[in-house]
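Each ligand, and each atom within it, is numbered from 1 in the order the structure gives.
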Amino acid sequence: MKVLVTGGAGFIGSHIVDALLENGHDVVVVDDLSTGKRANVNTRARLYQVDIRDEQALDAVLAQEKPEAISHQAAKANVRESMVRPQLYAEVNILGSLNLLELARRHGVRKVIYASTGGAVYGEPEYLPADEQHPINPLDPYGASKHQVEHYLYIYRKHFGIDYTVLRYPNVYGPRQDPDGEAGVIAIWTALMLKGQPTVVHGSGEQQRDFVYVGDIARANVLALERGGGEIINLGSAIGTSINEVFDLLQETTGYGLKREHGPAKQGEVFRSYITREKAESILGWRPTVSLAEGLEQTVAYFRS
Ligand SMILES: NC(=O)c1ccc[n+]([C@@H]2O[C@H](COP(=O)([O-])OP(=O)(O)OC[C@H]3O[C@@H](n4cnc5c(N)ncnc54)[C@H](O)[C@@H]3O)[C@@H](O)[C@H]2O)c1
């Protein structure tokens with residue numbers, strides 16, 4: 001199948017590109033390279049440096065390539081930046097996605113797989129693990145913008161017959177994650193620990209997150225091409241791992257010599273967040289297979305090289 005991956009030069013998107021190619025698909029990438037890197041893109045995929053908000057340029061790519069499906073990963077994805085630039089987050093994440101959907105409709109795309117976020121749409125969870133029925137309470141413009149698109153997907157399926165699968169990701173980690181970004185504690189600490197530089201645990205470190213290896217997330221995207229349709233699916237492990245546990249595992253894997261130092265807690269941070277995996281198992285036949293210890297090994301090996 002020919003698949004267009006938006007954001008395919010980014011962290012998660014580039015792993016999806018690799019997984020699609022491994023499964024025999026033909027892959028086209030659209031990325032404006034704002035945070036993504038050309039070097040992340042598999043040489044067997046065709047990269048178009050295009051902004052998803054640019055209707056004309058995106059139209060030309062769809063006319064030329066005629067993809068049957070789209071894996072839509074491109075987004076502004078920095079929670080803190082979204083608090084100071086909410087309009088930009090709406091422009092890229094909502095209007096950019098709508099632009100893509102309109103063009104998908106015009107060019108006869110069959111299915112869209114959409115990267116949503118379990119971490120940001122549920123807010124402070126009312127129960128754990130949060131399932132797909134959990135109330136939607138985004139705490140920031142990033143989460144609000146990512147959630148809006150889920151509604152448009154429903155509308156485009158109902159009225160225009162474009163199928164979709166919404167995948168709500170947990171905290172994804174692994175090779176190619178940007179260590180300079182604000183998100184991604186594993187990438188940030190791995191880079192610092194390998195350089196022997198100081199690290200800070202914000203607050204008690206007992207806050208919990210749901211860490212899933214990027215290869216598992218990429219595999220779910222490939223499965224969603226053929227299975228299911230019209231659903232919202234969490235891609236969680238259903239396990240909360242504390243930040244202290246992550247620190248200890250990473251310290252062991254990197255051989256980091258400095259002690260764990262704690263700083264002030266981050267304001268407004270959700271304390272515990274992890275999401276279900278049952279629906280992914282029943283619809284996609286998916287469950288995470290890479291343990292945190294194994295995934296950290298892979299991540300550290302990547303950062304070392
Ligand atoms: N990393 C996580 O833990 C996580 C969790 C939940 C959801 N997500 C979602 O997964 C997707 C991928 O995130 P990531 O962590 O790989 O981030 P990333 O920044 O590495 O990837 C995003 C990609 O989109 C591209 N992009 C941004 N704006 C664009 C635009 N206007 N036009 C074209 N391309 C544009 C960037 O250059 C980049 O390559 C995002 O949609 C994000 O919201 C990520």
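There is a side-chain donor-acceptor pair under 3.5 Å between Ser145 and Asn93. A side-chain donor-acceptor contact under 3.5 Å links Gln73 and Tyr169.
With sequence neighbours excluded, the residues that form a salt bridge (charged side-chain N to carboxylate O under 4.0 Å, His left out) with Glu55 are Arg106. For His151, the ring pair (Phe, Tyr, Trp, His ring centres under 6.0 Å) partners two or more places apart in sequence, or in a different chain, are His147.
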Write out each pair where an N or O from ligand 1 and one from the protein are under 3.5 Å apart, with the distance.
from, atom 1, to, atom 2, distance (Å)
ligand 1, 3 (O), Val172, N, 3.0
ligand 1, 16 (O), Phe11, N, 3.4
ligand 1, 16 (O), Ile12, N, 2.8
ligand 1, 19 (O), Thr35, OG1, 2.7
ligand 1, 20 (O), Phe11, N, 2.9
ligand 1, 26 (N), Asp32, OD1, 3.4
ligand 1, 31 (N), Asp51, OD1, 2.9
ligand 1, 32 (N), Ile52, N, 2.9
ligand 1, 34 (N), Asp32, N, 3.2
ligand 1, 34 (N), Asp32, OD1, 3.3
ligand 1, 37 (O), Asp31, OD1, 2.7
ligand 1, 37 (O), Asp32, OD1, 3.4
ligand 1, 37 (O), Ser34, N, 3.2
ligand 1, 37 (O), Ser34, OG, 3.4
ligand 1, 37 (O), Thr35, N, 3.1
ligand 1, 37 (O), Gly36, N, 2.9
ligand 1, 39 (O), Gly10, N, 3.0
ligand 1, 39 (O), Asp31, OD1, 3.3
ligand 1, 39 (O), Asp31, OD2, 2.5
ligand 1, 39 (O), Gly36, N, 3.3
ligand 1, 41 (O), Gln73, O, 2.8
ligand 1, 41 (O), Lys146, NZ, 2.7
ligand 1, 43 (O), Tyr142, OH, 2.6
ligand 1, 43 (O), Lys146, NZ, 3.1

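Residues Gly236 and Val212 share a closest heavy-atom pair of C-CG2, 4.2 Å.
For residues 107-126, the pairs satisfying ring pair (Phe, Tyr, Trp, His ring centres under 6.0 Å) are His72-Tyr114, Tyr122-His134, with sequence neighbours left out.
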